[in-house]
Amino acid sequence: MLPLKQRSVRYPRLALVVRLLFAFFLFGTGIMTMGFAINGYPVSDSPDDVGQFMLALQKTGYLIFWVGLFKTVAGGLMFFPRTAPLAVLMSLPYAFNILLYVTFFAHKYLVIGLPDFAACAFLLYCYFDWYRPIFARPTSTVTTELAGGEYAL
């Protein structure tokens, strides 16, 4: 496992710009989404399929608020370099879900969904050295010591 000082960020300047733009996007839309959960989702009198879907989600009573809160927290964590790798991992399920949502259902929002997922995927690539220990196989000494010795259950 690489020590913290040896973990680098690929394309650091570009990653910084993308990270800050993505953080502003997540933080802002997270607050907006929580506002929709509290005040109601704005749809026309005769909503299209996307509007009906959003009204159905609003009727569940909890989903939209918690998604908004999660986006706000992930966006807030992304502003700080130390917590950025965690925030990128936190935003991956949201970004992938939005990619599927705009690809198969809400085609008119492709302009938002594709860059959203692209930013998350690019940041995953940039911060991959931080995630490498997740995929590394532990050494036998470390595993034995952490498990409580040679005769541990």
Side-chain angles (χ1 to χ4, degrees), residues 1-45 47-139 142 146:
M1 181 163 86
L2 291 173
L4 229 57
K5 292 183 181 182
Q6 290 182 354
R7 294 182 190 172
S8 63
V9 178
R10 294 179 178 108
Y11 305 110
R13 289 186 179 146
L14 182 60
L16 175 67
V17 171
V18 171
R19 177 173 58 92
L20 290 177
L21 288 174
F22 194 42
F24 278 117
F25 173 78
L26 286 176
F27 192 78
T29 58
I31 290 174
M32 182 182 70
T33 305
M34 287 190 300
F36 288 158
I38 294 169
N39 300 325
Y41 195 79
V43 293
S44 63
D45 292 335
D48 59 348
D49 290 341
V50 174
Q52 290 176 0
F53 178 74
M54 294 310 290
L55 287 174
L57 284 179
Q58 180 182 341
K59 287 180 184 177
T60 63
Y62 72 94
L63 183 64
I64 291 181
F65 178 80
W66 292 110
V67 168
L69 181 67
F70 194 76
K71 284 169 51 177
T72 304
V73 169
L77 288 173
M78 208 171 287
F79 283 116
F80 305 103
R82 185 177 182 93
T83 57
L86 173 65
V88 172
L89 279 182
M90 287 174 63
S91 66
L92 180 63
Y94 161 76
F96 185 68
N97 185 35
I98 291 300
L99 176 69
L100 294 177
Y101 174 72
V102 300
T103 303
F104 296 114
F105 187 61
H107 305 292
K108 63 184 178 182
Y109 297 115
L110 276 170
V111 174
I112 297 170
L114 291 178
D116 181 31
F117 181 75
C120 189
F122 175 72
L123 289 172
L124 277 172
Y125 172 74
C126 289
Y127 284 101
F128 191 76
D129 284 347
W130 292 83
Y131 310 130
R132 194 176 303 276
I134 296 171
F135 304 109
R137 188 177 63 167
T139 60
V142 173
L146 289 176

Undergrad: Would you check if Tyr11 and Phe122 make a side-chain contact, meaning some heavy-atom pair closer than 4.5 Å?
TA: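 Tyr11 vs Phe122: side chains touch.
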
Undergrad: Under 6.0 Å from the OH atom of Tyr101, do we count more than 12 heavy atoms belonging to anything else shown?
TA: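 Counting neighbours around OH of Tyr101, more than 12 heavy atoms of other residues, nucleotides or ligands fall under 6.0 Å, so yes.
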
Undergrad: Is there a side-chain contact between Ile112 and Val102, using heavy atoms and a 4.5 Å cut-off?
TA: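 Counting from C-beta outward, Ile112 and Val102 never come under 4.5 Å.
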
Undergrad: Taking all non-hydrogen atoms of both residues into account, name the closest pair between Ala23 and Gly75 and its distance.
TA: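 Minimum heavy-atom separation between Ala23 and Gly75: CB-O, 3.5 Å.
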
Undergrad: What is the distance from atom CZ of Phe135 to atom OH of Tyr131, rounded to the nearest 0.5 Å?
TA: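 Going from the CZ atom of Phe135 to the OH atom of Tyr131 covers 9.5 Å.
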
Undergrad: So, for Ala84 and Tyr127, which heavy atoms are closest and what is the spacing to 0.1 Å?
TA: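 That closest heavy-atom pairing would be CB-OH, 3.6 Å.
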
Undergrad: Donor-acceptor pair, distance only, cut-off 3.5 Å: does the side chain of Thr83 make one with the backbone of Leu77?
TA: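 Looks like yes, one N/O pair under 3.5 Å.
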
Undergrad: So Trp130 and Leu86, do their side chains get closer than 4.5 Å, heavy atoms only?
TA: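 A side-chain contact is absent here, since even the closest heavy-atom pair is not under 4.5 Å.
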
Undergrad: Search all heavy atoms of Phe27 against all heavy atoms of Gly76 and return the closest pair with its distance.
TA: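 What the structure gives for the nearest pair is CD1-N, 3.9 Å.
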
Undergrad: Taking side-chain hydrogen bond (donor to acceptor under 3.5 Å, both in side chains) as the test, write out the residues that go with Thr29, two or more places apart.
TA: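 Partners of Thr29 by the side-chain hydrogen bond (donor to acceptor under 3.5 Å, both in side chains) criterion, ordered by chain and then number, come out as Lys71.
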
Undergrad: Kindly compute the distance separating CG (Leu16) from CG (Leu21), expressed to the nearest 0.5 Å.
TA: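 Reported to 0.5 Å precision, the distance equals 9.5 Å.
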
Undergrad: Could you state the interatomic distance from CZ (Arg10) to CZ (Phe128), rounded to the nearest 0.5 Å?
TA: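 Arg10 CZ to Phe128 CZ: 7.0 Å, rounded to 0.5 Å.
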
Undergrad: Looking only at heavy atoms, what is the nearest atom pair of Met78 and Ser91, with distance?
TA: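 Nearest pair, atom of Met78 first, then Ser91: CE-OG, 3.9 Å.
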
Undergrad: Taking all atoms of both residues into account, what is the closest heavy-atom pair of Met34 and Thr72, and its distance?
TA: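 Nearest heavy atoms, Met34 then Thr72: CE-OG1, 3.7 Å.
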
Undergrad: Quick one: does Val73's side chain get under 4.5 Å of Leu26's, heavy atoms only?
TA: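 A side-chain contact under 4.5 Å is absent here.
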
Undergrad: Distance check, rounded to the nearest 0.5 Å: Asn39 atom CG versus Met32 atom CE?
TA: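 CE of Met32 is found 12.5 Å from CG of Asn39.
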
Undergrad: What's the verdict on side-chain contact (heavy atoms from CB on, under 4.5 Å) for Tyr109 and Val50, showing C-alpha distance, side-chain angles and the deciding distance?
TA: CA-CA 10 Å; Tyr109 297 115; Val50 174; 4.0 Å; yes

Undergrad: Closest heavy-atom contact between Val18 and Ala119?
TA: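 Smallest heavy-atom distance, with atoms named: CG1-CB, 3.9 Å.
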
Undergrad: For the residue pair Phe79 and Phe24, categorise the inter-ring angle as parallel (less than 30°), tilted (30 to 60°) or perpendicular (more than 60°).
TA: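 Perpendicular.
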
Undergrad: Between Lys108 and Asp48, is there a side-chain heavy-atom distance shorter than 4.5 Å?
TA: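 The answer is yes, as the side chains (C-beta and beyond) meet within the 4.5 Å cut-off.
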
Undergrad: Check whether any side-chain heavy atom of Asp116 sits under 4.5 Å from a side-chain heavy atom of Tyr94, and report yes or no.
TA: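 Asp116 reaches Tyr94 side chain to side chain.
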
Undergrad: Flag yes if more than 12 heavy atoms outside Phe105 fall under 6.0 Å of its CZ atom; otherwise flag no.
TA: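 Enclosed.
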
Undergrad: If you measure from CG on Leu92 to CG on Asn97, what distance do you get to the nearest 0.5 Å?
TA: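 These two atoms lie 11.0 Å from each other.
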
Undergrad: Distance-only, no hydrogens or angles: does the Arg19 side chain make a donor-acceptor pair with backbone N or O of Leu123 under 3.5 Å?
TA: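 Looks like no, no N/O pair under 3.5 Å.
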
Undergrad: Would you compute the distance between atom CG of Leu110 and atom CD1 of Ile98 and round it to the nearest 0.5 angstrom?
TA: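 Nearest 0.5 Å value for the CG-CD1 distance: 11.5 Å.
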
